[in-house]
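This is a predicted model, so every value here is computed, not measured. Naming convention: chains lettered A, B, ... in sequence-line order (proteins, then strands); numbering from 1 in each chain. These values consider heavy atoms only, across backbone and side chains, with no hydrogens, waters or symmetry-generated copies.
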Number of protein chains: 2
Amino acid sequence: MQLSKSFDYAIRSLVHLAMLPPGKGADLRAISISQNVPVSYLAKVMRHLVRGGVVSSTLGRDGGYSLRKAPDQVTLLQVYEIMEGELRLVECMQSDGSCAFFNGCTQATVWVRLRAAVEGIFRETTLADLLPKGGNGPVQTAINKEGGYARAGA
Amino acid sequence: MQLSKSFDYAIRSLVHLAMLPPGKGADLRAISISQNVPVSYLAKVMRHLVRGGVVSSTLGRDGGYSLRKAPDQVTLLQVYEIMEGELRLVECMQSDGSCAFFNGCTQATVWVRLRAAVEGIFRETTLADLLPKGGNGPVQTAINKEGGYARAGA
DNA sequence: TAAATGTGGAGTAGATATGTCCACATTTAC
DNA sequence: GTAAATGTGGACATATCTACTCCACATTTA
């Protein structure tokens with residue numbers, strides 16, 4: 001029961017974009033460096049986010065990505081569903097009837113409670129909640145593999 | 001973000017044992033049939049539960065498994081930890097410092113909330129909560145692959 | 001002593017997650 | 001107009017995990 005790196009990368013990237021001055025964007029390489037994610041893999045993640053409608057991309061020189069919505073209009077549930085599809089905690093809770101058990105399945109109530117709890121948190125949490133406190137400070141930094149600091153947009 | 005079948009199988013098997021008359025047990029084959037789980041795989045699951053201390057096993061003819069605790073003394077959290085180890089939702093929340101980010105990781109608060117919610121539900125829910133209502137009724141049944149009914153202990 | 005059980009661990013097939021690569025279309029700077 | 005900088009699309013590769021199988025063996029009881 002673990003969240004995927006893709007989902008984690010997606011959120012980090014979106015937060016990165018949300019911290020930029022309004023109207024500004026960032027390109028793949030900048031996001032990749034600041035979030036310590038392989039460029040080629042991040043490209044795939046960003047494509048999901050573009051298709052999912054939360055990010056817009058511009059081609060060509062000086063192109064890149066920017067948020068299409070205000071940070072408080074993007075919930076983690078949206079991001080989850082873009083990256084992973086419908087939130088489902090057990091295979092047998094699918095609608096395709098793959099569960100061999102009767103309505104009397106005793107576990108169902110727990111799975112439902114669990115799903116509701118997770119979905120609730122995802123639905124309540126927006127990118128705005130993930131922005132570092134204290135206003136638009138400097139872009140979040142990560143320690144790169146050499147032990148130094150990587151700056152976004154370097 | 002999905003729970004494993006092992007966990008699901010473990011719970012079903014424990015509930016099966018919990019529904020038997022006190023002092024009675026069930027053998028692999030009986031559990032396997034009633035829960036529609038491959039015997040050889042279930043054997044592995046049960047070994048986990050035995051080592052985890054929630055189930056006792058007896059060898060030899062007429063051997064089998066039985067619960068070591070009252071159903072309301074076995075929480076889903078215990079079962080989860082026996083089957084899957086420590087509850088962790090993201091790799092980077094490990095204690096081994098594999099996360100490359102500073103304390104300022106903005107997502108950490110969400111992961112903590114999420115973990116707390118899941119853990120809370122698992123901790124509050126015991127096998128007793130999963131027993132079918134209406135007392136010790138007949139053992140839970142499943143539809144087997146032939147479309148008929150499988151009875152526990154058949 | 002034979003049959004019925006659980007034990008232990010190696011092995012396997014398939015799925016999924018993660019990551020790489022390259023040819024290509026688009027845009028902008030010069 | 002051309003070259004460089006970007007994102008796009010998809011095939012490919014790799015690693016890890018899940019679910020499951022199999023078999024030799026120890027133990028117990030009829």
Side-chain angles (χ1 to χ4, degrees), chain A residues 1-10 12-13 17 24-33 35-52 54-66 68 80 83-85 88-92 94 98 100 145 153-154, chain B residues 1-10 12-13 17 24-33 35-66 68 80 83-85 88-92 94 98 100 145 153:
Chain A
M1 194 196 198
Q2 200 159 309
L3 294 161
S4 70
K5 289 195 177 184
S6 295
F7 180 48
D8 190 59
Y9 292 166
R12 289 191 192 284
S13 302
L17 293 178
K24 291 278 183 179
D27 65 13
L28 261 185
R29 194 165 154 281
I31 302 176
S32 161
I33 291 174
Q35 305 302 314
N36 203 25
V37 175
V39 189
S40 51
Y41 192 56
L42 185 64
K44 197 178 281 189
V45 171
M46 295 310 292
R47 263 178 272 162
H48 268 94
L49 295 177
V50 169
R51 290 183 198 166
V54 292
V55 154
S56 66
S57 65
T58 52
L59 285 181
R61 185 161 174 157
D62 289 338
Y65 300 95
S66 56
R68 294 185 75 143
Y80 184 93
M83 298 303 296
E84 318 268 0
R88 184 169 16 93
L89 298 181
V90 283
E91 190 187 344
C92 62
Q94 280 171 307
S98 62
K145 282 175 181 156
Chain B
M1 193 193 197
Q2 201 161 307
L3 294 161
S4 71
K5 288 196 176 184
S6 295
F7 180 48
D8 191 60
Y9 291 166
R12 289 191 191 284
S13 302
L17 293 178
K24 291 279 182 178
D27 66 12
L28 261 186
R29 194 165 156 281
I31 302 176
S32 160
I33 292 175
Q35 304 304 314
N36 203 23
V37 175
V39 188
S40 52
Y41 192 57
L42 185 65
K44 195 178 281 187
V45 171
M46 296 310 293
R47 263 179 271 161
H48 268 94
L49 295 178
V50 169
R51 289 184 200 166
V54 291
V55 154
S56 66
S57 64
T58 52
L59 284 181
R61 186 163 172 151
D62 288 337
Y65 301 95
S66 57
R68 295 185 74 143
Y80 185 92
M83 299 303 296
E84 316 268 0
R88 184 168 16 92
L89 298 180
V90 283
E91 191 187 344
C92 63
Q94 279 171 308
S98 63
K145 282 175 181 157

Sidechain-backbone polar pair: B/Ser13 side chain, B/Tyr9 backbone, donor-acceptor under 3.5 Å
yes
Under 4.0 Å, counting only non-hydrogen atoms across every strand here, what does B/Phe7 touch: a base, just sugar-phosphate, or nothing?
nothing
A/Leu59 side chain: which of D/dT6, D/dT21, C/dG8 is closest?
D/dT6
Could you tell me whether the phosphate oxygens of D/dA15, OP1 or OP2, come under 4.0 Å of any side-chain nitrogen or oxygen in A/Tyr41?
no
Would you say the side chain of A/Arg47 and the base of D/dG10 hold a donor-acceptor pair, judged only by whether the two atoms sit under 3.5 Å apart?
yes
So what's C/dG11 paired with, Watson-Crick or G-U wobble, going by both distances under 3.5 Å?
D/dC20
Locate the shortest heavy-atom distance separating B/Gly25 from B/Ser66; write the atom from each residue and the value.
CA-CB, 4.0 Å
Quick one: is B/Tyr9 getting a side-chain N or O under 4.0 Å of the D/dC20 phosphate, OP1 or OP2?
yes
Residue whose nearest DNA chain C nucleotide is more 5′ - A/Arg61 or A/Val39:
A/Val39
If you only use heavy atoms from C-beta on, which nucleotide in C/dT7, D/dA30, D/dG7 is closest to the side chain of A/Leu28?
D/dG7
Using 0.5 Å steps for rounding, measure from the OG1 atom of A/Thr58 to the CG atom of A/Asp27.
9.5 Å
Side chain of A/Asp27 only, heavy atoms from C-beta on: which candidate in D/dT28, D/dT6, C/dT7 is closest?
D/dT6
Which atom of A/Leu28 lies closest to which atom of A/Leu42, heavy atoms considered
O-CD2, 3.7 Å
Can you tell me if B/Arg51 touches the phosphate of C/dG8, counting only side-chain N or O atoms and a distance under 4.0 Å to OP1 or OP2?
yes
Watson-Crick or G-U wobble partner of D/dT28, both distances under 3.5 Å:
C/dA3
Mind checking B/Ser57 for me? I need base, sugar-phosphate or nothing, with any heavy atom below 4.0 Å counting as a touch.
sugar-phosphate
Taking for each residue the nucleotide of DNA chain D with the nearest heavy atom, is it B/Lys5 or A/Gly64 whose nucleotide lies nearer the 5' end?
A/Gly64
The side chain of A/Lys44 lies closest to which of these nucleotides: C/dT20, C/dT28, C/dG6?
C/dT20
Hey, is the main chain of B/Gly64 close enough, under 3.5 Å, to the side chain of B/Ser57 for a donor-acceptor pair?
no
